[in-house]
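Read through the structure below, which is laid out as C-alpha cells, and then see the notes.
All values below were derived from every heavy atom in this structure, side-chain atoms included, with hydrogens, water molecules and symmetry-related copies excluded.
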Amino acid sequence: MYHYTPKEVETEPGSGIGSGLFEMTMTKDGNTQPIGYCAGGECQHMTPEDASICYRRFLIEQKGGRWPGGFPMKDAEKTSTRVINMHSSY
C-alpha cells in the first residue's frame with residue numbers, strides 16, 4: 001500500500017525537528033521519500049497545501065493529468081488547493 005501526503009521536512013534527517021517547509025511524499029513499507037517535483041530537493045513549500053498544488057502540477061505536466069495507477073484527474077481535482085492525503089495499491 002502506498003500513502004501520498006505532504007510532510008514537513010526535518011532540519012536533519014531523523015531529528016524529528018521540523019524546518020517549517022513541506023514536500024510531497026510517498027510512503028511504502030515505512031519508507032518515505034519525496035515525489036514529483038519535490039523529489040529534486042529544490043521545492044520550498046511553506047504549507048502542505050502548496051506541496052499538494054506542486055504535486056498536482058507535476059501530475060498534469062509530466063504524467064498527462066493522471067493519478068498514480070493511471071486514473072485520470074477530474075477537472076475539479078486539477079485546480080483544487082486541498083491537501084492530498086490518499087492511499088493506493090498501485
Side-chain angles (χ1 to χ4, degrees):
M1 181 72 67
Y2 298 87
H3 182 215
Y4 299 83
T5 193
K7 292 199 174 184
E8 189 170 6
V9 177
E10 295 179 328
T11 55
E12 295 290 327
S15 71
I17 300 170
S19 66
L21 300 174
F22 294 82
E23 62 189 7
M24 191 65 194
T25 65
M26 176 191 67
T27 302
K28 181 178 186 233
D29 299 329
N31 181 30
T32 301
Q33 61 189 29
I35 56 172
Y37 292 132
C38 295
E42 298 176 12
C43 294
Q44 301 273 318
H45 304 296
M46 300 301 290
T47 66
E49 291 84 1
D50 288 345
S52 294
I53 291 168
C54 177
Y55 186 59
R56 284 186 183 90
R57 186 169 41 89
F58 169 80
L59 292 174
I60 291 165
E61 294 173 355
Q62 303 295 325
K63 300 294 182 181
R66 297 189 172 273
W67 291 107
F71 300 101
M73 297 173 80
K74 297 176 184 171
D75 288 339
E77 292 172 329
K78 293 178 182 179
T79 58
S80 175
T81 58
R82 294 181 64 179
V83 171
I84 296 172
N85 185 8
M86 68 178 186
H87 296 276
S88 172
S89 58
Y90 298 100

| message | Test of understanding: clusters of I, L, V, M, F, W, Y form through side-chain heavy atoms closer than 4.5 Å, transitively. Do Met86 and Ile53 belong to the same one? | response |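 No, Met86 and Ile53 fall in different hydrophobic clusters.
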| said: Membership question, hydrophobic clusters at under 4.5 Å side-chain separation (ILVMFWY): are Met24 and Tyr37 in the same one? | reply: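 Per the 4.5 Å side-chain linkage, Tyr37 and Met24 are co-clustered.
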For [X], does the [atom1] atom have more than 12 heavy-atom neighbours from other residues, nucleotides or ligands under 6.0 Å away?
X     : atom1 : answer
Lys74 : NZ    : no
Met46 : CE    : no
Arg57 : CZ    : yes

What's the separation between atom [atom1] in [X] and atom [atom2] in [Y], rounded to the nearest 0.5 Å?
X     : Y     : atom1 : atom2 : result
Ser88 : Phe71 : OG    : CZ    : 7.0 Å
Met26 : Ile84 : CE    : CD1   : 13.5 Å
Ser19 : Glu10 : OG    : CD    : 9.0 Å
Lys7  : Phe22 : NZ    : CZ    : 12.0 Å
Ile35 : Leu59 : CD1   : CG    : 7.5 Å

| Any donor-acceptor pair under 3.5 Å from Arg56 side chain to Thr79 backbone |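 Checked: no pair found.
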| said: Would the distance check show the side chain of Ser80 and the main-chain N or O of Ala76 forming a donor-acceptor pair, the cut-off being under 3.5 Å? | reply: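 No, Ser80 side chain to Ala76 backbone: no donor-acceptor pair under 3.5 Å.
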Nearest atoms (heavy-atom pairs only) where [X] meets [Y]:
X     : Y     : answer
Ser52 : Arg82 : CB-O, 3.6 Å
Met1  : Ser89 : SD-N, 4.1 Å
Pro6  : Ala51 : CB-CB, 3.8 Å
Cys38 : Pro34 : O-CB, 3.6 Å

| field | Pairwise side-chain contact, Asp75 with Lys78, heavy-atom cut-off 4.5 Å (strictly under) | value |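 Side chain of Asp75 against side chain of Lys78, heavy atoms only: contact under 4.5 Å found.
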| query | Taking the side chain as C-beta and beyond, is there a heavy-atom pair between Tyr55 and Tyr4 under 4.5 Å? | reply |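 Yes, side chains in contact.
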| task | Begin from the C-alpha positions of His3 and Asn85 and carry the test side-chain contact (heavy atoms from CB on, under 4.5 Å) through to its verdict. | result | CA-CA 7 Å; His3 182 215; Asn85 185 8; 2.6 Å; yes
| said: Going by side-chain contact (heavy atoms from CB on, under 4.5 Å), Cys54 matches just one of His45, Glu49, Glu23. Which one? | reply: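 Exactly one option meets the side-chain contact (heavy atoms from CB on, under 4.5 Å) with Cys54, and it is His45.
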